[in-house]
Amino acid sequence: MAQLWGGRFQKKTDDLVYEFNASITFDKTFFKEDLEGSRAHVKMLSKQGIITKDDEKAILEGLDSIEKDVESGKLNITTEYEDIHSFVEANLIDRVGEPGKKLHTGRSRNDQVALDMRLYTRSQVEYTKSQLVNLLNVILRIMKENTTTIMPGFTHLQKAQPITLAHHMGAYFEMFKRDVLRLNDIRERMNYCPLGSGALAGTTYPLDREFTAKELGFYGPCDNSMDGVSDRDYLIEYLSALSTIMMHLSRFSEEVIIWNSNEYRFVEIDDSYSTGSSIMPQKKNPDIAELVRGKTGRVYGALMSLLTTMKGIPLAYNKDMQEDKELAFDAMRTTNGCIQLFAGMLDTMSFNKDNMYNSANKGFTNATDAADYLVNHGVAFRDAHGIIGRIVLYCIDKGIAIDDMSLEELKNICPAFEEDIYDAISMETCVNKRLTHGACSKEVMEGVISSYSEWLSGQDA
Ligand code: ARG
């Protein structure tokens with residue numbers, strides 16, 4: 001047990017208590033951020049004349065040597081230390097002696113952990129964004145290749161109207177684009193530095209908080225030291241953004257699973273992203289999509305857990321906040337992994353364009369357009385709706401599509417039909433006549449694709 005706070009105690013900590021209280025098994029995740037924060041703090045202490053230049057030099061060299069030895073495996077981060085902060089400080093004192101004891105001047109583990117968590121989360125926010133940008137590039141590539149690939153669009157999982165694969169993919173582009181924008185906002189809002197908040201009330205040392213904030217890439221120090229040590233809003237916002245990303249990935253996964261089913265066969269997941277069955281030799285299962293869908297609950301769990309942890313905490317720091325880490329780290333790892341796996345699966349997936357086309361063509365997806373045709377020929381929409389409804393019933397009875405009916409059969413039901421009906425309800429017309437903003441026609445989609453390309457190239461990932 002290497003502790004930083006033995007002085008006022010007369011008895012040794014109970015072993016179970018020590019273990020229950022310790023956080024080293026998971027806060028070692030931000031070992032690098034802890035060093036980074038300490039370096040900035042020490043440079044500032046020396047600049048302000050709070051410690052000497054020589055002390056600064058000795059401490060910085062000590063921190064570098066600890067980093068090097070941990071990286072090479074010469075030094076292990078073990079449970080002998082309560083947390084990563086104690087590990088670094090104890091090893092520093094071992095290595096450089098007296099100057100090491102000055103590292104923690106004007107600092108508390110409360111502002112230290114608040115800083116470490118914020119630095120780590122900031123880099124994760126950036127990483128998630130880069131994963132999303134990669135996924136968006138895959139989606140955009142598929143869009144560019146499929147502005148004329150016709151497929152049925154669904155509502156209630158019933159065939160509704162023909163659309164294109166580009167249009168369908170575009171809906172996901174919009175979702176993941178919003179996710180990127182959300183991450184940009186979070187990064188912007190969280191980028192203030194808690195270091196220098198002290199335990200809660202600031203310190204009497206003449207710290208230069210602007211300096212450490214700039215040194216660590218923040219816009220500036222946060223303005224209230226009590227909030228500085230106890231704010232985890234940025235983490236809640238990030239977990240909420242991760243939950244939304246997972247919800248989007250889960251919906252997409254569900255569609256891939258449906259499209260990949262024997263009944264649909266709209267897509268074929270590449271062998272490298274599928275798995276087999278131990279008993280049924282014919283099986284090729286969409287396990288990756290199912291796992292992404294399944295892991296969504298786990299990420300929601302992290303968000304609910306942190307919201308619940310935070311709801312009863314009075315100002316300022318309370319130990320409950322140590323519970324912000326394990327599930328949050330898991331949610332970050334899970335979501336980043338899922339985005340990467342999903343992008344790979346999508347990138348290697350093939351689309352059975354004929355099956356998609358035939359499914360749209362045979363499914364009465366042009367019924368709305370047939371009704372619109374009648375409206376253009378003087379029939380009121382409600383009447384047209386009823387007429388086409390009867391035509392659909394007639395077709396179902398005969399096992400044919402509307403297009404398969406002769407003009408005579410059509411005219412028997414409504415005399416307004418003319419020879420041009422066939423052209424008016426072809427899949428191509430149904431899609432390409434839809435020219436309203438956001439609609440599925442090739443013309444509209446091409447405009448959208450070029451604006452997406454431009455936006456995406458401006459996202460530095
Ligand atoms: N392990 C603690 C945490 O994760 C670090 C801060 C400890 N501060 C304290 N006053 N006990 O929150």
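Just so you know, these numbers use all the heavy atoms, side chains as well, and skip hydrogens, waters and symmetry mates. Positions are given from 1 along the sequence. Because the structure is a prediction, the values reported are computed rather than measured.
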Decide whether [X] and [Y] meet the rule of one side-chain donor and one side-chain acceptor closer than 3.5 Å.
X: Asn184; Y: Gln459; value: yes
X: Asn432; Y: Ser441; value: no
X: Thr78; Y: Asn76; value: no
X: Arg182; Y: Thr244; value: no
X: Lys159; Y: Ser359; value: yes
X: Tyr238; Y: Thr128; value: yes

Does [X] reach the main-chain N or O of [Y] with its side chain, forming a donor-acceptor pair under 3.5 Å?
X: Thr164; Y: His167; value: yes
X: Ser230; Y: Tyr317; value: no
X: Asn137; Y: Val133; value: yes
X: Tyr264; Y: Val256; value: no
X: Asn318; Y: Pro314; value: yes
X: Asn352; Y: Asn355; value: no
X: Ser453; Y: Ile449; value: yes
X: Arg95; Y: Leu63; value: no
X: Asp111; Y: Leu195; value: no

Salt bridge (charged side-chain N to carboxylate O under 4.0 Å, His left out) partners of [X], counting only residues at least two apart:
X: Arg189; answer: Glu237
X: Asp233; answer: none
X: Lys57; answer: Glu61
X: Glu210; answer: Lys214

Nearest 0.5 Å please: distance from the [atom1] atom of [X] over to the [atom2] atom of [Y].
X: Ile84; Y: Asp116; atom1: CD1; atom2: CG; result: 8.5 Å
X: Leu35; Y: Leu92; atom1: CG; atom2: CG; result: 9.5 Å
X: His85; Y: Ser108; atom1: NE2; atom2: OG; result: 9.5 Å
X: Ile93; Y: Lys102; atom1: CD1; atom2: NZ; result: 12.0 Å
X: Lys47; Y: Lys53; atom1: NZ; atom2: NZ; result: 9.5 Å
X: Met246; Y: Ser243; atom1: CE; atom2: OG; result: 9.0 Å

### Counterpart residues, side-chain contact (heavy atoms from CB on, under 4.5 Å), relative to Glu19 (two or more places apart)
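Applying side-chain contact (heavy atoms from CB on, under 4.5 Å) to Glu19 gives none.
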### Summary
Residues passing the side-chain contact (heavy atoms from CB on, under 4.5 Å) test with Ala22, sequence neighbours excluded, are none
Between [X] and [Y], how do the two ring planes meet: parallel, tilted or perpendicular, split at 30° and 60°?
X: His248; Y: Phe176; value: perpendicular
X: Phe329; Y: Tyr120; value: perpendicular
X: Phe87; Y: Tyr81; value: perpendicular

Around [X], counting heavy atoms of other residues, nucleotides and ligands shown, do more than 12 lie under 6.0 Å from its [atom1]?
X: Glu454; atom1: CD; value: no
X: Lys311; atom1: NZ; value: no
X: Glu174; atom1: CD; value: yes
X: Tyr357; atom1: OH; value: yes
X: Lys442; atom1: NZ; value: no

### Arg122 charged N/C atom sitting above Phe218 aromatic ring, 6.0 Å / 45°
yes
Of all pairs that satisfy salt bridge (Lys or Arg N to Asp or Glu O under 4.0 Å), the ones with a partner from [range], not counting sequence neighbours:
range: residues 30-42; value: Lys32-Glu67, Lys32-Glu71, Arg39-Asp64, Arg39-Glu67
range: residues 271-283; value: Asp271-Lys284
range: residues 243-263; value: Glu254-Arg293
range: residues 324-336; value: Arg232-Asp324, Arg298-Asp330, Asp330-Arg333

### side chain to side chain donor-acceptor pair (under 3.5 Å) evaluation trace for Thr309 with Glu323
CA-CA 7 Å; Thr309 299; Glu323 285 297 309; 6.0 Å; no
### Query
Under the side chain to side chain contact (heavy atoms under 4.5 Å, CB included) criterion, do Arg118 and Phe30 qualify, and how do the steps go?
CA-CA 10 Å; Arg118 206 176 280 232; Phe30 46 55; over 6 Å; no
### Query
Can you list the steps and then say if Tyr219 with Tyr192 is a ring-ring contact (aromatic ring centres under 6.0 Å, His included)?
CA-CA 6 Å; Tyr219 296 140; Tyr192 293 88; 5.7 Å; yes
### Task
Please examine the side chains of Trp455 and Leu136, heavy atoms only from C-beta on, and report whether any two atoms are closer than 4.5 Å.
yes
#### Entry: Any pair counted as side-chain hydrogen bond (donor to acceptor under 3.5 Å, both in side chains), so long as it reaches residues 147-156, sequence neighbours left out
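Only Asn146-Thr149 qualify under side-chain hydrogen bond (donor to acceptor under 3.5 Å, both in side chains).
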### Query
In terms of side-chain geometry, is the basic nitrogen of Lys101 or Glu98 positioned less than 4.0 Å from the acidic oxygen of its partner?
yes
Please set out all donor-acceptor pairs under 3.5 angstrom arising from side-chain atoms of residues 337-349, sequence neighbours excluded.
from: Asp347; atom 1: OD1; to: Arg141; atom 2: NH2; distance (Å): 2.7
from: Thr348; atom 1: OG1; to: Gly344; atom 2: O; distance (Å): 2.8
from: Thr348; atom 1: OG1; to: Met345; atom 2: O; distance (Å): 3.1

